[in-house]
Chemist: 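Supplied in structure tokens, the structure appears directly below.
All residue numbers in this chain count up from 1 along the given sequence. Since we're looking at a predicted model, the values are computed, not measured. Order of appearance sets the numbers: ligands from 1, and atoms from 1 within every ligand.
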Amino acid sequence: MKVLVAAPLHEKAIEILKNAGLEVVYEEYPDQERLKELVKDVSAIIVRSKPKVTKEIIDVAPNLKVIARAGVGLDNIDVEYAKSKGIEIVNAPAASSRSVAELAIALMFNVARKVAFADRKMREGVWAKKQCMGFELEGKTLGVVGFGRIGYIVAKIANAIGMNVLIYDVNKNEERAKEVGGKLVELDELLKNSDIVTLHVPLTKETYHMIGERELKLMKPNAILINTSRGAVVDTNALVNALQEGWIAGAGLDVFEEEPLPKDHPLTKLDNVVLTPHIGASTVEAQERAGMEVAEKVVKVLKGE
Ligand code: NAD
């Protein structure tokens with residue numbers, strides 16, 4: 001049986017596939033036309049956030065039994081259509097949680113201490129000490145929107161730093177909130193009272209543009225927004241206005257409504273924003289964990305275990 005690995009995959013994961021007697025075809029990020037050719041005789045496809053596994057691709061892969069996402073989000077896979085054809089979908093939902101949570105914390109410190117801005121100025125030969133007045137995180141209030149795998153870790157680290165933690169989630173888990181010294185509140189209360197708001201909800205119909213003009217105006221003028229979830233959870237135009245007009249003080253963003261972020265996007269012109277190119281899961285540890293977990297799951301499906 002053949003497995004198409006259509007995105008970068010940790011070598012230990014490839015080893016797992018080969019040791020199980022599977023033939024591995026490795027081609028990183030083929031375009032849709034090439035993908036159509038590659039899937040013709042494969043039993044499994046392994047992707048990351050790319051390439052797209054659409055109905056069109058599934059229709060030309062008669063042997064396909066399993067589609068694996070070495071990571072979390074399944075946005076690039078037509079899950080419903082695959083399932084209707086009896087194809088299994090596997091992913092590694094927890095493999096990158098720690099990495100994403102650590103990036104969210106890194107962005108908080110970065111924006112609060114203007115690290116990226118200071119670095120840019122240094123490279124321009126400017127000693128921007130006066131413009132780099134920051135603030136400490138200890139004693140400040142962090143609002144965690146979405147208290148799942150990632151939100152929980154972020155809250156736990158924030159609690160350890162000495163931050164107060166407010167939590168908003170549709171699922172009210174008092175026990176877990178208590179574990180991180182957090183308080184469950186409604187979204188508006190969280191927005192009004194947090195010095196930093198960090199987003200960890202999935203992108204759904206309900207969370208699309210969950211943070212728009214109304215919500216940004218509820219936040220404190222000296223507050224910071226961190227988004228490592230999905231770009232479309234935030235209304236980007238409203239966020240640009242908020243940052244330009246001082247409704248909030250800054251933002252740290254790893255995800256965008258349009259990725260890659262267009263070169264001259266207004267966000268790139270703002271000094272109070274730290275931007276990273278969707279690198280939440282880009283750590284050695286997360287990639288190794290995600291790769292190995294999906295490789296093991298693919299083997300199980302193909303061996304009928
Ligand atoms: P999770 O499913 O463990 O947690 C999500 C939480 O959001 C759940 O507790 C759920 O109850 C809550 N939620 C869902 N809809 C809600 C709503 N309408 N209002 C309030 N709460 C709601 O997910 P996770 O593993 O913690 O991942 C969170 C996000 O991080 C996802 O959007 C995922 O796509 C993103 N992510 C980003 C990267 C990156 O590279 N930046 C990597 C991995 C995951």
Chemist: Does NZ in K52 sit with more than 12 non-hydrogen atoms of other residues, nucleotides or ligands closer than 6.0 Å?
Modeler: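 Not more than 12 within 6.0 Å, no.
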Chemist: Any side-chain donor paired with an acceptor under 3.5 Å for E259 and H278?
Modeler: yes
Chemist: Do the charged groups of K269 and D264 touch, with an N to O distance under 4.0 Å?
Modeler: yes
Chemist: What residues form a side-chain contact (heavy atoms from CB on, under 4.5 Å) with E296, not counting sequence neighbours?
Modeler: I16
Chemist: Decide salt bridge (Lys or Arg N to Asp or Glu O under 4.0 Å) for E33 and K36; before the verdict, give the C-alpha distance in whole Å, the side-chain angles of both, and the deciding distance to 0.1 Å.
Modeler: CA-CA 5 Å; E33 278 313 304; K36 266 196 217 163; 3.5 Å; yes
Chemist: Could you verify whether a donor N or O on one side chain and an acceptor N or O on the other, from N63 and S43, lie under 3.5 Å apart?
Modeler: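 The criterion, which ignores hydrogens and geometry beyond distance, is not satisfied for S43 and N63.
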Chemist: Got the residues with a heavy atom under 4.0 Å of ligand 1, by chain and number?
Modeler: V72, S96, V100, G146, F147, G148, R149, I150, Y168, D169, V170, N171, H200, V201, P202, E206, T207, M210, T228, S229, R230, D254, V255, H278, G280, A281
